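Data first, discussion second: the structure below is written as structure tokens.
Sequential numbering from 1 along the given sequence is applied to the chain's residues. These numbers were taken from a predicted model, which means no experiment stands behind them.
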Amino acid sequence: MLLLVLPLSAAADEGQPDGVSQSSQCVALVDEVRKENKKLHRELRQIKREIALLNQNLEEPGLREIAAGIGYILGLCGVAALVATRRQGAEER
């Protein structure tokens, strides 16, 4: 959170008492802090949306995972074919 601090004596109006000047300065500071909070809230909301989108994209399988899955399946089919071929060769003997 950004906090703005101004010297009280520097911003005091010459014709007004210190209490009035300080209270108006406090009101101005509170307004600035509220504006900054709203701005940071909007930015944080946008960042949260982007993080959620990135997490959603990471959950979906990519091309690499799809190719690995197909390779795994073909490998299992190859092992099954090898075992079946060896069984047929053993039965023929």
Side-chain angles (χ1 to χ4, degrees):
M1 179 164 93
L2 180 65
L3 183 61
L4 301 173
V5 179
L6 299 173
L8 294 176
S9 61
D13 294 331
E14 295 175 13
Q16 297 178 348
D18 287 337
V20 174
S21 174
Q22 288 178 358
S23 66
S24 65
Q25 187 178 16
C26 286
V27 170
L29 286 175
V30 168
D31 288 340
E32 283 294 319
V33 169
R34 285 185 180 153
K35 287 177 186 177
E36 286 294 321
N37 278 344
K38 286 181 183 179
K39 180 181 175 185
L40 290 174
H41 183 69
R42 273 187 258 120
E43 290 175 1
L44 184 59
R45 201 172 350 151
Q46 180 63 30
I47 291 171
K48 284 181 181 180
R49 280 190 212 126
E50 290 175 7
I51 289 174
L53 183 62
L54 286 173
N55 283 338
Q56 185 180 13
N57 288 339
L58 288 175
E59 290 175 0
E60 296 175 0
L63 184 61
R64 187 174 188 177
E65 288 85 11
I66 293 171
I70 292 172
Y72 188 77
I73 292 169
L74 291 176
L76 290 176
C77 290
V79 169
L82 178 68
V83 170
T85 303
R86 289 201 178 203
R87 280 189 184 171
Q88 285 179 357
E91 289 176 2
E92 289 177 5
R93 288 186 199 168

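Hydrophobic cluster membership of L63, counting Ile, Leu, Val, Met, Phe, Trp and Tyr whose side-chain heavy atoms lie under 4.5 Å apart directly or via other members: none, as it forms a cluster of its own. Within the hydrophobic cluster formed by Ile, Leu, Val, Met, Phe, Trp and Tyr side chains joined at under 4.5 Å, directly or through other members, I51 is accompanied by I47. Applying the 4.5 Å side-chain rule to ILVMFWY residues, one finds I70, L74 in the same cluster as I66.
For R45, the side-chain contact (heavy atoms from CB on, under 4.5 Å) partners two or more places apart in sequence, or in a different chain, are H41, R42, R49. The side-chain contact (heavy atoms from CB on, under 4.5 Å) test applied to E43 returns K39, L40, not counting sequence neighbours.
Applying the side chain to side chain donor-acceptor pair (under 3.5 Å) test to every pair with at least one member in residues 50-69, sequence neighbours left out, gives these pairs: Q46-E50.
L29 CG to S24 OG: the interatomic distance, rounded to the nearest 0.5 Å, is 9.5 Å.
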